[in-house]
There are 2 protein chains.
Amino acid sequence: MIRIGIIGIGNMGSQHCRKIYNGKVPGMKLVSVCDTNPDRLAWAKETFGEDVKRFSDSDEFYANSSLIDLVIIATEHYSHPDLAIQGFKNNLHVLIEKPAGVYTKQVKEMNEAAKRVNKKFFIMYNQRTNCVYRKLRDLVQSGEIGTLKRMVWIITSWYRPQSYHDSSAWRSTWGGEGGGVLLNQDPHQLDLWQWIVGMPRRVRAFASFGKYYNIEVEDDVTAYAEYDNGMTATFITSTGEAPGTNRLEVSGTMGKVVVESNTIKFFRNRIDERKFNKTCTGFGAPEAWECIVPTDGKNEQHIGILKNIVDVIENGAEPIAKGEEGILGLTISNAIHLSAWTDKWVETDNLDEDLFYNTLQEKIKTSTFKKNVSKNKTLDVRGTH
Amino acid sequence: MIRIGIIGIGNMGSQHCRKIYNGKVPGMKLVSVCDTNPDRLAWAKETFGEDVKRFSDSDEFYANSSLIDLVIIATEHYSHPDLAIQGFKNNLHVLIEKPAGVYTKQVKEMNEAAKRVNKKFFIMYNQRTNCVYRKLRDLVQSGEIGTLKRMVWIITSWYRPQSYHDSSAWRSTWGGEGGGVLLNQDPHQLDLWQWIVGMPRRVRAFASFGKYYNIEVEDDVTAYAEYDNGMTATFITSTGEAPGTNRLEVSGTMGKVVVESNTIKFFRNRIDERKFNKTCTGFGAPEAWECIVPTDGKNEQHIGILKNIVDVIENGAEPIAKGEEGILGLTISNAIHLSAWTDKWVETDNLDEDLFYNTLQEKIKTSTFKKNVSKNKTLDVRGTH
């Protein structure tokens, strides 16, 4: 039985608590929780009684680390790396919520700390359990789509009204979250992007800040990226459109795949376009078949990640989402921000981490933004991923 | 009866000849044709006998301008403005094929010449007759979509194999066409873009040149554009993808419209998102209805434009596509090229026309490109728009 402690029992953390406490993850047992907000601890007492230990600060929580085997970190974004590093120092396995952190400098330190101990490190990339994205990755990796040419992801189905932004003082601020749609809503898509088609070489991005809402961070982003082999990617995202779109298109020499509404359509060329191109003598195009691609239908989300963790720790299974991989999607995220801020190209493998960090600090320091916060609310996010 | 002369009876011009000669356009009569290629004149003789006069150069054609009322110019792109100006000088109505020209400097001169005569000026923007685009424009202009937020047009359904590029010496060269997919395939979409949602303020674009083919011009383009009101547009196009996509999404405060496969879907908000945003107290989004929007089903294409021209000249009807408007789509096209060449933003109402012209001339002059041309072929483009 893997004994679990959770730091941060707000929106996401309280969901993880419930699932583990209610036995949805065989092999895991909820032992302790930690939150600085007395209301959340009162909720824990009410919900779990004395079955689960409560701590009001992380030092005290870690002083009792012998009670647990694995710590889940579901606090605000900035604190993930520090709390994970403390987890490793206390010889625990660590699962962090997404994003890995706010800037890659910080996340590299976390990854270094993970290397120094013989413990497992995971990140809650629950969308990697989604059958349609797993299947798309399979189609790419097995070569079914051929050599890749383009990815276009329109992911604007993240509508959030002003009341959402006003629900906590930290929400949608540079100081509290380090960004808007990229840091809060998109970490899954930015991870799936690199997980499915790989890391782009360079990024040129455009963003608006507080266009749709009374917020200081980005609520609308268009990013263009290039790969070494000539492939391009376009990523369009916003919290300001209703109803939005979630449509991912990946095209290659063997045709194109469109993922939308949980369906995978593969418009498959009978022969590779590059072969066709060499032999065609007229105006034509390769014969293409519209194929509905089946999946295994499994989409376990958070529970899928938690079950996999049990399997990794107990049986040596392959992790679905290694914590060390959190830096990849975050690198794309940071590159998009940096490109939008500087109006310049950003190379992903040579991202100026100091410039990113200093610009972000400058934004925090010079923020004149006054939020009209109703009061800190724990929103019911069940059913949102 | 409007007497018609056509200069350039290659791919498009020969189609116009056939339609008019065969009486598909009541009120128009084909009187004369002009082409520098003896093969094309032989085709005209064989097809129309002595019913239609033939000229081998445009000076001779215009010396006989009293035979006709309207000249159709369906020659290579560069020559449209000069031949149109000659048409106006000879006191003729003028219809030019798209694009209006290759650079806006040249097109402005044509528009000035049109102003100086009391004759009508048209451009073959036949896609403006397409019921789905007319309907989408109606939804925008009548305010059904509300205040616009975004346009995304993925128009990659322009697959052209190497044999197409090799079919004429002038094809897909800076000297012959002044560009690739933007100048040859996209003029309709670039016009519809501005016709439906208006001209963007500034453009930032990325293009590859000869990525998929042995050509020197662009075969893959991603353009991002911004409007004064904060609206953004993304335009993705290529001749190198098979099967491609033609999906146009326009979103506004009242929802989003998706045009794909000749169908219009309007995901319509029950109340305006901006109103909803002010009153929502939770995590929600406006109630949205998936509506299939009917059209009048009419899509007359080239014949629609030609019939409208008869109606304008004889009955004073409103033109579907005024020649003077050709500069709008071309301005977007030039802005995309210039931005991609210079790796900088380009303002559409302050486009550096000299820089565009000089850069293009430089590309023509320094071209070391050797084409492997089979022989000049008139391709059968019936059924392509």
Side-chain angles (χ1 to χ4, degrees), chain A residues 149-150 152 154 156-157 159-164 167 204-206 208 211-213 220 222 224 226 230 232-234 236 238 240-245 247 249 251-253 255-256 258 267-269 273-274 276-286 288 290 343 345 374 377 379-381 384, chain B residues 149-150 152 154 156-157 159-164 167 204-206 208 211-213 220 222 224 226 230 232-234 236 238 240-245 247 249 251-253 255-256 258 267-269 273-274 276-286 288 290 343 345 374 377 379-381 384:
Chain A
K149 293 177 176 177
R150 188 191 303 283
V152 183
I154 306 175
T156 52
S157 58
Y159 183 70
R160 295 287 183 272
Q162 186 66 45
S163 53
Y164 162 86
S167 66
R204 190 72 178 75
F206 315 95
S208 66
K211 177 161 80 179
Y212 295 121
Y213 305 105
D220 184 16
T222 303
Y224 168 77
E226 294 179 344
T232 69
T234 303
I236 296 171
S238 176
E241 284 170 64
T245 294
R247 180 185 185 278
E249 174 175 321
S251 54
T253 55
K256 73 169 173 184
V258 177
F267 301 81
R268 182 184 182 277
N269 291 326
E273 180 277 317
R274 294 284 84 186
F276 175 89
N277 184 52
K278 281 189 191 135
T279 53
C280 173
T281 56
F283 214 87
E290 186 173 334
D343 202 17
W345 287 100
S374 40
K377 279 195 292 195
L379 297 170
D380 187 347
V381 294
T384 73
Chain B
K149 294 178 176 177
R150 188 193 302 284
V152 183
I154 306 175
T156 51
S157 57
Y159 183 70
R160 296 288 184 270
Q162 186 67 44
S163 53
Y164 163 86
S167 66
R204 191 71 179 74
F206 314 96
S208 65
K211 177 161 77 178
Y212 295 121
Y213 305 105
D220 184 16
T222 304
Y224 168 78
E226 293 180 343
T232 69
T234 304
I236 296 171
S238 175
E241 284 170 63
T245 293
R247 180 184 186 278
E249 174 174 321
S251 55
T253 55
K256 73 170 175 185
V258 177
F267 300 82
R268 182 184 182 276
N269 291 327
E273 179 276 318
R274 294 283 84 186
F276 175 88
N277 184 51
K278 281 188 190 137
T279 54
C280 173
T281 56
F283 215 88
E290 186 173 333
D343 203 16
W345 287 100
S374 37
K377 278 197 292 194
L379 296 171
D380 187 347
V381 293
T384 74

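Letters go in sequence order (proteins before strands), and every chain restarts at 1.
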| query | Angle class for the Phe276(B)/Tyr159(A) ring planes (parallel below 30°, perpendicular above 60°, tilted otherwise)? | reply |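 Ring orientation, 0 to 90° scale: tilted.
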| query | Is the Phe206(B) ring parallel, tilted or perpendicular to the Phe206(A) ring (thresholds 30°, 60°)? | reply |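 Geometry flag for Phe206(A) against Phe206(B): tilted rings.
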| said: Just so I understand: if I count every heavy-atom pair under 4.5 Å between each of Lys211(A), Arg268(A), Glu226(A), Lys278(A) and chain B, which residue has the most? | reply: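 When all of Lys211(A), Arg268(A), Glu226(A), Lys278(A) are compared, Lys211(A) has the most.
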| message | If we define contacts as heavy-atom pairs under 4.5 Å, which of Ser208(A), Ala285(A), Gly252(A) has the most with chain B? | response |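 Winner by heavy-atom pair count: Ala285(A).
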Using a cut-off of under 4.5 Å on heavy-atom pairs, state which of [options] scores highest against chain A.
options	value
Gly284(B), Gly255(B), Ala242(B)	Ala242(B)
Asp220(B), Val258(B), Val152(B), Thr279(B)	Asp220(B)
Thr234(B), Thr245(B), Thr232(B)	Thr245(B)

Minimal non-hydrogen separation, [X] against [Y], with atom names:
X	Y	answer
Pro243(A)	Ala288(B)	CG-CB, 3.9 Å
Tyr212(A)	Asn277(B)	O-ND2, 4.2 Å
Gly244(A)	Lys256(B)	O-NZ, 2.9 Å

| message | With a 4.5 angstrom heavy-atom cut-off, is it the side chain or the backbone of Phe267(A) that approaches chain B, or both, or neither? | response |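 Looking at Phe267(A), backbone and side chain both touch chain B.
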| Partners meeting salt bridge (Lys or Arg N to Asp or Glu O under 4.0 Å) with Arg247(A) (sequence neighbours left out) |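 Arg247(A) satisfies salt bridge (Lys or Arg N to Asp or Glu O under 4.0 Å) with Glu249(A), Glu260(A), Glu260(B) once adjacent residues are dropped.
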| task | Report the residues that fulfil salt bridge (Lys or Arg N to Asp or Glu O under 4.0 Å) with Lys149(A), sequence neighbours left out, ordered by chain and then residue number. | result |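 With neighbours one apart ignored, the set is Glu273(A).
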| task | Apply side chain to side chain contact (heavy atoms under 4.5 Å, CB included) to Ser238(B) and Arg150(A), showing your working. | result | CA-CA 10 Å; Ser238(B) 175; Arg150(A) 188 191 303 283; 3.5 Å; yes
| query | Got a salt bridge between Asp343(A) and Arg204(B), using NZ or NE/NH1/NH2 to carboxylate O under 4.0 Å? | reply |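 No salt bridge links Asp343(A) with Arg204(B).
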| To the nearest 0.5 Å, what is the distance between CZ (Phe283(B)) and OG (Ser163(A))? |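 If I round to the nearest 0.5 Å, the distance is 9.5 Å.
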